[in-house]
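Comments concern the structure below.
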Amino acid sequence: MKTVLGVISALFIVASPWVLYWTLSQQRIDVAAAVLIGWVIVRTIPVLLSARREQRRAALQLPAIALGFAALGWLSGNGTWLLVLPSATQATFGLAFLRSLSGVPLIEHFAKMIKPELSPGELAHCRAWTRIWGFYLLALAAIGLGLARWAPLGVWTVYVGVVSYALVGALFAVEYVIRKIRFRDYGRNPLDWLLGKLFPAARSGLS
């Protein structure tokens, strides 16, 4: 059941800007708000099922924000409130990256799931890129908010539904290439093979 709900949630994340565009362009704020509320409910169920008891309060923060914006949009008849959720989501993740710097940086946490022992250079890289990701996501959120307030609905939709994903993917690709070139720790995928040919790892031992 959790898997099904997770798939539905992921599909809606991708489709939601276009759903909002269609409903709001038809002046159906009530339908847009109802769809948003339905998605929040579907999204929250698997999160709560998988979260530990002490994590459930934090897990409910973003759904509560989403429900608040949906209610404001519905009651006020102003669809702009419904366009805030993608930016609120990005800002929440951005702040999570930055808050993690007070302890174990998020990227270090993810990296240790693959490679438990990290060198001092790799630890510094994780901290630096956790900070970069935090501010980057906050910047993307600010752009989305600006477009939601002042740009035509179509421009906001293209940004949220296409451009913001491309910008996230671009930074991920930049970090990946920089990390591989810097530490020469290559895997077996085609990109690592190409980078390994262009930037060979230093050979150890006697030649």
From [atom1] ([X]) to [atom2] ([Y]), nearest 0.5 Å:
X	Y	atom1	atom2	value
Arg99	Thr130	CZ	OG1	13.5 Å
Ile107	Lys112	CD1	NZ	13.5 Å
Trp133	Ser100	CH2	OG	13.5 Å

Considering residues at least two apart in sequence or located in another chain, which fulfil the side chain to side chain contact (heavy atoms under 4.5 Å, CB included) criterion with [X]?
X	value
Phe199	Ile181, Arg184, Tyr186, Leu195
Thr157	Pro17, Trp18, Tyr21, Leu153
Tyr159	Leu140, Ile143, Leu147, Val163, Ser164, Leu167

Do [X] and [Y] have side chains that approach each other closer than 4.5 Å (heavy atoms only, starting at C-beta)?
X	Y	result
Leu138	Leu98	yes
Trp156	Leu145	no
Ile29	Leu24	yes
Leu191	Tyr176	yes
Val168	Phe172	no
Ile132	Phe97	no

**OP:** Please answer: with hydrophobic residues joined when any side-chain heavy atoms are less than 4.5 Å apart, are Leu95 and Tyr136 in the same cluster?
**Re:**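 In one cluster with Leu95: Tyr136, no.
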**OP:** Please check if Val155 and Trp150 belong to a single hydrophobic cluster, counting links between Ile, Leu, Val, Met, Phe, Trp and Tyr side chain heavy atoms closer than 4.5 Å.
**Re:**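 Cluster IDs for Val155 and Trp150 differ.
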Subject >> Matching residue for Glu122 among Glu108, Arg182, Lys115 - test: side-chain contact (heavy atoms from CB on, under 4.5 Å) >> reply: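 Only match with Glu122 under side-chain contact (heavy atoms from CB on, under 4.5 Å): Lys115.
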**OP:** Examine distances only and state if a side-chain atom of Arg127 and a backbone atom of Pro105 form a donor-acceptor pair shorter than 3.5 Å.
**Re:**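 Not a single qualifying donor-acceptor pair exists.
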Original post:
Where do Val84 and Leu72 land on the side chain to side chain contact (heavy atoms under 4.5 Å, CB included) test, with the steps shown first?
Top reply: CA-CA 11 Å; Val84 173; Leu72 281 171; over 6 Å; no
**OP:** Check the angle between the aromatic planes of Trp129 and His125 and answer parallel, tilted or perpendicular using the 30° and 60° thresholds.
**Re:**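 It falls in the tilted class, 30° to 60°.
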